[in-house]
Protein chains: 2
Amino acid sequence: MTLPSTYADRNCSVARALEIVGERWTLLIIRDAFFGVRRFGDFANQLKIPRAVLTNRLKFLVKEGVLIRDDDATGGVEYRLTAKGVALWPVVRALMNWGDAFYSPSGVKRAERHDQDGGLLDHDGRCEDCGLVVPVPEIRIEPGPGFDLTDSDHDPVSGAINTPHRLLEPIMRPRTLSAAEGELSATRAAERAHR
Amino acid sequence: MTLPSTYADRNCSVARALEIVGERWTLLIIRDAFFGVRRFGDFANQLKIPRAVLTNRLKFLVKEGVLIRDDDATGGVEYRLTAKGVALWPVVRALMNWGDAFYSPSGVKRAERHDQDGGLLDHDGRCEDCGLVVPVPEIRIEPGPGFDLTDSDHDPVSGAINTPHRLLEPIMRPRTLSAAEGELSATRAAERAHR
DNA sequence: CGGCTGAGTTCACTGACTGAACTACTGCTG
DNA sequence: CAGCAGTAGTTCAGTCAGTGAACTCAGCCG
């Protein structure tokens with residue numbers, strides 16, 4: 001979509017929304033942000049997007065208030081979704097549902113669960129166990145029956161993304177994980193205790 | 001998005017969906033199709049999209065089974081949404097909701113109602129009167145409080161789109177009207193005078 | 001026949017995307 | 001302190017897609 005503000009229709013919120021998130025790569029960046037990706041390099045490697053394009057997109061999304069950029073503890077840079085960005089989850093979910101329905105014959109590629117009670121979420125984000133509409137930070141995402149295990153863990157970031165975890169929660173990169181490789185459960189437990 | 005099948009992530013239905021509907025203009029074409037646009041020229045005029053691009057997009061969407069192309073009664077060509085295309089309504093709705101929420105301070109630009117009982121639909125398409133999830137063909141769309149009346153009726157197609165009507169129902173173009181209805185002369189005259 | 005409409009096609013031009021290489025600024029480590 | 005690695009970008013030439021205007025072609029209408 002390239003030029004923002006280039007769709008003529010002033011009276012259509014679909015056009016307006018697409019001016020922000022309709023450019024190539026943008027919604028995939030946002031999807032990754034939901035999945036916990038926060039670092040420039042992780043976006044670049046995971047999406048295999050040219051770094052120049054990534055720079056443009058991130059700048060634009062920050063300018064539009066979808067992402068916020070700040071320095072993390074280690075001096076690096078973090079991009080995180082704002083409330084406005086988090087409000088895009090229904091868009092990402094709708095695309096995911098449609099893609100699952102028509103291009104994943106063996107079942108959904110990723111399932112959403114209510115982290116509190118483990119209930120599956122329906123297409124509108126309602127927990128089938130407790131009946132509540134689950135807020136985004138309480139959604140746990142995990143590989144579903146249609147997930148293809150053969151090409152998942154090529155890189156550590158993908159591996160982290162495809163491990164069951166809550167949306168928005170930063171993925172654990174090997175660096176942060178320290179030397180201890182297999183202690184996933186311990187790390188997760190620690191993390192749960194963390195909040 | 002340009003090249004289809006160009007997003008690397010085989011395991012993501014969001015990426016898969018965007019390969020089909022993520023290109024520039026595509027979702028706006030689909031939105032117009034929901035609003036009842038069916039003719040090549042109407043898409044071209046309403047969206048102000050280059051005709052060459054429109055040709056590409058329509059061909060691609062037909063190939064992918066989102067639209068179906070056939071000749072209508074008068075010998076013209078019609079593009080209509082298939083079931084697979086209609087299943088994209090949640091995507092369009094989610095974008096519309098987000099655009100309304102963040103870019104339309106005076107209220108939604110278009111409201112959805114249950115045509116049967118006139119109840120407003122919530123963000124998930126549930127009728128606030130009868131509580132049912134309303135199927136797409138029973139959704140009536142109409143200008144909402146945020147709709148800007150000053151630049152609506154510039155062309156007859158926009159005028160028809162912005163008149164309350166059910167989704168998927170073909171918009172009435174002056175041409176088609178002439179065959180069926182008698183009192184069209186007034187409409188046509190008014191339209192001509194307008195230019 | 002002559003004009004009109006609808007559905008495209010053609011084409012020169014511009015501008016965005018691509019991929020690879022390069023820079024600049026940390027924070028370590030010996 | 002020099003050297004190295006990691007992170008976050010920038011630069012750049014080549015390519016490819018989008019743009020807008022003009023053109024074709026077929027079928028009607030009178």
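This one's a predicted model, so the numbers in the text were calculated from it and none came from an experiment. Labels below follow one simple rule: chain letters A, B, ... track the order of the sequence lines, proteins then strands, and each chain is numbered from 1.
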Inset, instruction - Assess whether one donor atom and one acceptor atom, taken from the side chain of A:R51 and the base of D:dA8, lie less than 3.5 Å apart. - result: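 Such a pair exists between side chain and base.
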Nearest-Å distance, [atom1] ([X]) to [atom2] ([N])?
X: A:F60; N: C:dC17; atom1: CZ; atom2: P; value: 12 Å
X: B:L67; N: C:dA7; atom1: CG; atom2: P; value: 14 Å
X: A:D42; N: D:dT7; atom1: CG; atom2: C1'; value: 10 Å
X: B:F40; N: D:dA26; atom1: CZ; atom2: P; value: 17 Å
X: A:F43; N: D:dG9; atom1: CZ; atom2: P; value: 11 Å
X: A:I49; N: C:dA20; atom1: CD1; atom2: P; value: 15 Å
X: B:L54; N: D:dA21; atom1: CG; atom2: P; value: 16 Å
X: B:L58; N: C:dT9; atom1: CG; atom2: P; value: 11 Å

Let's see if you can work this out: which of [options] has an atom nearest to the side-chain heavy atoms of [X]?
X: A:K59; options: C:dG8, D:dT10, C:dA7; result: D:dT10
X: A:W25; options: C:dT18, D:dG9, D:dT19; result: C:dT18
X: A:V77; options: C:dA7, C:dT18, D:dG9; result: D:dG9
X: B:R57; options: C:dA7, D:dG18, C:dT18; result: D:dG18

Legend entry - Residue met sooner reading DNA chain C from 5', once B:A52 and B:G41 are mapped to nucleotides: B:G41
Legend entry - A:D72 with A:R39: basic N within carboxylate O range, under 4.0 Å: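 Answer for the salt bridge query: yes.
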Inset, instruction - Using a cut-off of 6.0 Å, state whether more than 12 heavy atoms not belonging to B:H123 lie near its atom NE2. - result: no
Looking for any heavy atom pair under 4.0 Å, which part of the strands does [X] touch: base, sugar-phosphate only, or nothing?
X: B:Y79; value: sugar-phosphate
X: A:A44; value: nothing
X: B:V53; value: base

Legend entry - Partner set under side chain to side chain donor-acceptor pair (under 3.5 Å) for A:W89, not counting sequence neighbours: A:E112
Legend entry - Any pair counted as salt bridge (charged side-chain N to carboxylate O under 4.0 Å, His left out), so long as it reaches residues 123-139 of chain A, sequence neighbours left out: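 Output for this query is empty, none listed.
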Inset, instruction - Answer yes or no: does a side-chain N or O of A:R24 lie under 4.0 Å from OP1 or OP2 of C:dA16? - result: no
Legend entry - Six-ring centre of B:Y79, B:R38 cation under 6.0 angstrom, axis tolerance 45°: no
